[in-house]
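Scroll down for the structure; my scribbles are underneath it.
Chain naming here is simple, since letters A, B, ... match the order of the sequence lines and numbering starts at 1 in each.
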Amino acid sequence: MSLQIYDTKIGKKIPFTPLRDNHVRIYACGITAYDFCHLGHARSALVFDMIVSYLRHSGYKVTFVRNFTDIDDKIINRAQKQNTTCAELSQRFIDEFYIDMKALKITPPDYEPRATEHIPEIIDIIEKLMTKGIAYQADGDVYFEVEKFPQYGSLSGRNLDDLKAGARISINKIKKNPMDFALWKASKPGEPKWDSPWGEGRPGWHIECSAMSRKYLGDSFDIHGGGEDLVFPHHENELAQSEGASGKPFANHWIHHAFVTIRDEKMSKSLHNFLTIREVLKRHQPEALRMMVFATHYRHPLDFSESGLRDAQTSVNRLYNCMAACAALTDGTESSKAVATRAEIDKLRSLPDRFQEAMDNDFNTAQGLGCLFDAVKSINRISQALPAPPAQADINLLRRGGADVTKLAQIMGLLSQEPQAYLAGYQEKHLTAVGMDKAELNKLLEERIAARQNKEWGRADEIRDLLLAKNIELKDSQDGTAWYVAGDRGQ
RNA sequence: GGCGGCGUAGCCAAGUGGCUAAGGCAGAGGUCUGCAAAACCUUUAUUCAGCGGUUCGACUCCGCUCGCCGCCUCCA
């Protein structure tokens with residue numbers, strides 16, 4: 001079974017084959033830089049990070065482009081409101097975007113082009129459309145003429161009659177058809193402007209992506225994607241412009257991910273129900289966010305909640321605990337009896353295949369994670385049952401299983417840290433949060449060990465309860481007393 | 001109004017025309033322990049919104065009903 005990807009244009013899953021050899025070319029729509037990024041942007045970045053990573057894992061060479069739209073109406077309005085320039089405003093939020101991406105540990109794309117740095121390429125496409133008679137000039141604007149592109153609506157499954165019927169489009173007398181959209185806009189006083197054959201002006205909203213994808217990936221490339229809300233009109237218009245100009249097929253596959261919702265409503269700026277990435281990362285670890293995002297299939301809505309994110313954190317810890325146990329494994333002997341059952345051996349050996357099968361099915365990360373946790377369960381069961389000198393066969397199986405789990409989880413950016421370091425970091429962060437320093441904790445732990453040796457159970461329990469009040473739980477063992485962060489429920 | 005999606009255990013969430021309906025979280029029981037707890041193990045849907053239909057057989061395909069959501073305007 002090979003990779004199957006759901007294609008928005010066709011509305012079903014189809015086998016994926018790169019257009020050119022083993023080389024996959026992907027373009028994803030990035031942000032319009034005028035504000036901080038919210039969780040929806042995080043999902044978008046995370047989903048494409050995973051897709052690129054999985055394609056590379058599968059042996060493809062990948063060229064990944066994610067653009068910045070740094071000139072448009074929203075930027076102009078916001079800049080005017082803040083009494084600054086568009087260039088300053090967009091640069092500021094591109095910088096902020098990079099801070100968020102770094103915090104989320106997103107692998108940078110191969111190219112991150114900006115609209116304002118591709119004005120000649122934009123003008124070039126518009127000129128082609130003008131030459132072919134698919135675009136027309138009206139006052140200082142240039143419009144794409146939808147009637148001249150018969151396939152208009154093919155991506156989003158609409159036709160011009162439906163669109164006209166729904167028409168919430170503002171009346172614009174200079175357009176031939178209300179659905180015609182601007183390729184180039186004449187500049188108003190005080191707005192950024194560039195020279196063009198049609199006078200001074202600036203690009204329309206969709207044309208930058210047509211120009212930049214063409215420059216870095218060619219007229220035809222493999223995958224184009226973004227959030228569901230971009231299907232219409234953004235991607236529909238891009239498709240029309242690009243194919244209209246080149247006469248060749250544009251993107252071979254269209255991938256769109258669903259929204260992040262809050263209480264089942266779309267998270268969006270206009271509804272004022274969004275959480276910024278940095279807000280969430282103040283309270284939660286990036287891997288917990290990744291776990292939550294990838295536990296839902298990318299085409300299904302992801303309903304955000306604090307409790308959901310805490311659940312995700314707990315399951316991330318489960319992964320790390322298992323890996324820490326694997327790392328602590330000591331060599332065994334040939335003479336001991338192996339404890340792994342046939343079923344467990346099969347489960348662990350088949351993990352990479354089962355994971356691949358899940359991911360090949362339209363990047364089903366939720367199912368892939370299920371495979372990973374399945375393996376974790378087997379690893380834990382075997383580790384727990386290991387006799388005093390364990391059998392070398394079991395140790396080999398566990399180490400191999402642990403290595404597979406780590407490698408596969410890393411495709412989603414999970415298990416990106418050394419287990420011991422991660423767990424120690426998790427504990428330290430908690431200590432800080434509850435306002436206790438390590439020396440103080442150690443002092444109490446030592447006192448309790450002494451009390452227990454003297455069988456002063458009252459004092460020992462008192463210390464335990466005292467720490468429990470700070471969500472620190474103790475575990476006594478022959479080696480001493482270890483402590484853990486208790487479940488954060490109810491916070 | 002047009003187009004599209006979703007409804008699976010307490011919560012989150014995969015999945016399939018017929019083999020035990022993944023996995024995570026929470027809950028319950030257990031191993032361990034001076035008592036505990038973390039970790040770990042076991043366990044948790046005779047049932048997949050409701051009603052019809054197709055089929056030897058449907059949760060999975062079709063139709064209808066109810067509920068929720070999205071796009072058609074800027075939006076990841």
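Nucleic acid contact class of A/Gly40 (heavy atoms, under 4.0 Å, all strands): base. If you check every strand for non-hydrogen atoms under 4.0 Å, A/Ser268 touches a base. A/Lys377 comes within contact range of the sugar-phosphate backbone alone, with a heavy-atom separation under 4.0 Å but no base atom that close. Among the heavy atoms of the strands, none lies under 4.0 Å from A/Met291. At the heavy-atom level, A/Arg448 lies under 4.0 Å from base atoms of the strands shown. The residue A/Gly30 sits close only to the backbone: its heavy atoms come under 4.0 Å of sugar-phosphate atoms, none of a base. When heavy atoms are screened at a 4.0 angstrom cut-off, A/Leu230 is found touching the sugar-phosphate backbone but no base atom. Among the protein residues, A/His38 comes within range of the nucleic acid bases, having at least one heavy atom under 4.0 Å from a base atom. In this structure, A/Val47 reaches neither bases nor backbone, as no heavy-atom distance under 4.0 Å exists between it and the strands shown. Within the 4.0 angstrom heavy-atom criterion, only backbone atoms of the sugar-phosphate kind lie near A/Gly157; the bases stay farther away.
Within the 4.0 Å cut-off from OP1 or OP2 of B/G7, not a single side-chain nitrogen or oxygen of A/His300 is found. In this structure, A/Asn364 reaches the B/G15 phosphate: one of its side-chain N or O atoms is under 4.0 Å from OP1 or OP2. Considering only side-chain N and O atoms, A/Arg318 lies under 4.0 angstrom from the phosphate OP1 or OP2 of B/C40.
Annotation: B/C3 and B/U73 have their P atoms spaced 16 Å apart (nearest Å). When the C1' atom is compared between B/U47 and B/A9, the two are found 9 Å apart, to the nearest whole Å. The same atom, C1', is picked in B/G1 and in B/A58; the two are 34 Å apart, to the nearest Å. Taking atom C1' in both B/U20 and B/A45, the straight-line distance is 13 Å, to the nearest Å. Separation of the P atoms belonging to B/G10 and B/C6 is 23 Å when rounded to the nearest angstrom. Comparing B/A49 with B/C12, their P atoms are spaced 14 Å from each other, to the whole Å. Rounded to the nearest Å, the gap between the P atom of B/G30 and that of B/A14 is 34 Å. Taking atom P in both B/C41 and B/U31, one finds a spacing of 16 Å when rounded to whole Å.
Salt-bridge check for A/Arg78 with A/Asp72: failed, with every basic side-chain N at 4.0 Å or more from each acidic carboxylate O. The pair A/Glu147-A/Lys176 fails the salt-bridge criterion, with no side-chain N (NZ, NE, NH1 or NH2) lying under 4.0 Å from an Asp/Glu carboxylate O. A/Arg158 has no carboxylate O lying under 4.0 Å from a charged side-chain N of A/Glu236, or vice versa, which leaves the two without a salt bridge. Contact check on A/Lys12 versus A/Asp7 returns no salt bridge, with no Lys/Arg side-chain nitrogen under 4.0 Å from an Asp/Glu carboxylate oxygen.
When distances are taken from the side chain of A/Lys74 to each of B/G23, B/C74, B/C25, the shortest belongs to B/C74. For A/Gln384, taking side-chain heavy atoms from C-beta onward, the closest of the listed nucleotides B/U16, B/A76, B/C40 is B/C40. With B/A76, B/C25, B/A14 as the choices, the nucleotide that has an atom nearest any side-chain atom of A/Ser315 turns out to be B/C25.
Pair check for B/C59 finds none; no Watson-Crick or G-U wobble contact set falls under 3.5 Å. Using N1 to N3 plus N6-O4 or O6-N4 for Watson-Crick, or N1-O2 and O6-N3 for G-U wobble, each under 3.5 Å, B/G7 pairs with B/C66. Using N1 to N3 plus N6-O4 or O6-N4 for Watson-Crick, or N1-O2 and O6-N3 for G-U wobble, each under 3.5 Å, B/C71 pairs with B/G2. Applying the Watson-Crick and G-U wobble criteria (two distances, each under 3.5 Å), B/A21 pairs with nothing in any strand. Here B/U54 sits opposite no nucleotide as a Watson-Crick or G-U wobble pair (both hydrogen-bonding atom distances under 3.5 Å). Using Watson-Crick or G-U wobble geometry with both donor-acceptor distances under 3.5 Å, B/C40 finds its partner in B/G30. When both distances must be under 3.5 Å, the Watson-Crick or G-U wobble mate of B/U47 does not exist.
Cation-pi check for A/Arg278 over A/Phe36 is not met; the charged atom does not lie both under 6.0 angstrom from the ring centroid and within 45 degrees of its normal.
Taking atom OH on A/Tyr298 and atom C1' on B/A14, their separation rounds to 15 Å, with Å as the unit. Residue A/His257 contributes atom NE2, which lies 18 Å from atom P of B/G5 at whole-angstrom precision. Atom pair A/His235:NE2 and B/C3:P shows a separation of 24 Å (rounding to whole Å applied). Summarising the geometry, the separation between CG on A/Asp180 and P on B/U73 is reported as 14 Å, rounded to the nearest angstrom. In this structure, A/Phe274 atom CZ and B/C74 atom C1' are separated by 14 Å, rounded to whole Å. Rounded to an integer number of Å, the gap from A/Met179 CE to B/U73 P is 6 Å. For the pair A/Asp311 CG and B/C25 P, the interatomic distance rounds to 8 Å; values are reported in whole Å. In this structure, A/Asp465 places its CG atom 16 Å from P of B/C35, rounding to the nearest Å.
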Please list, pair by pair, any protein nitrogen or oxygen found under 3.5 Å from a nitrogen or oxygen in nucleotides 69-71 of chain B.
residue : atom : partner  : partner atom : Å
B/C71   : OP1  : A/Lys266 : NZ           : 2.7
B/C71   : O2'  : A/Arg158 : NH2          : 3.1

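Within 3.5 Å, a donor on the side chain of A/Arg464 pairs with an acceptor on the base of B/C35, or the reverse.
The aromatic rings of A/His206 and A/Phe181 stand perpendicular to each other, their planes meeting at an angle above 60°, with 30° marking the opposite boundary.
Heavy-atom nearest nucleotides on RNA chain B were determined for A/Ile31 and for A/Leu369, and the one closer to the 5' end corresponds to A/Leu369. Mapping A/Tyr6 and A/Ala295 onto RNA chain B by nearest heavy atom places A/Tyr6 at the nucleotide closer to the 5' end.
Heavy-atom minimum distance, A/Thr406 versus A/Leu415: CA-CD1, 3.8 Å. Considering every non-hydrogen atom in both A/Ala28 and A/Phe64, the closest pair reads CB-CE1, 3.7 Å. Scanning all heavy atoms of the two residues, the minimum distance from A/Ala79 to A/Cys86 falls at CB-N, 3.9 Å.
Heavy-atom neighbours of A/Lys269 NZ from other residues, nucleotides or ligands within 6.0 Å: above the threshold of 12.
Here A/Phe373 does not pack flat against the base of B/G24, since the 5.5 angstrom centre distance and 30 degree tilt limits are not both met.
In summary, the side chains of A/Asn364 and A/Tyr298 do not present any donor paired with an acceptor at a separation below 3.5 Å, with no hydrogens or angles considered.
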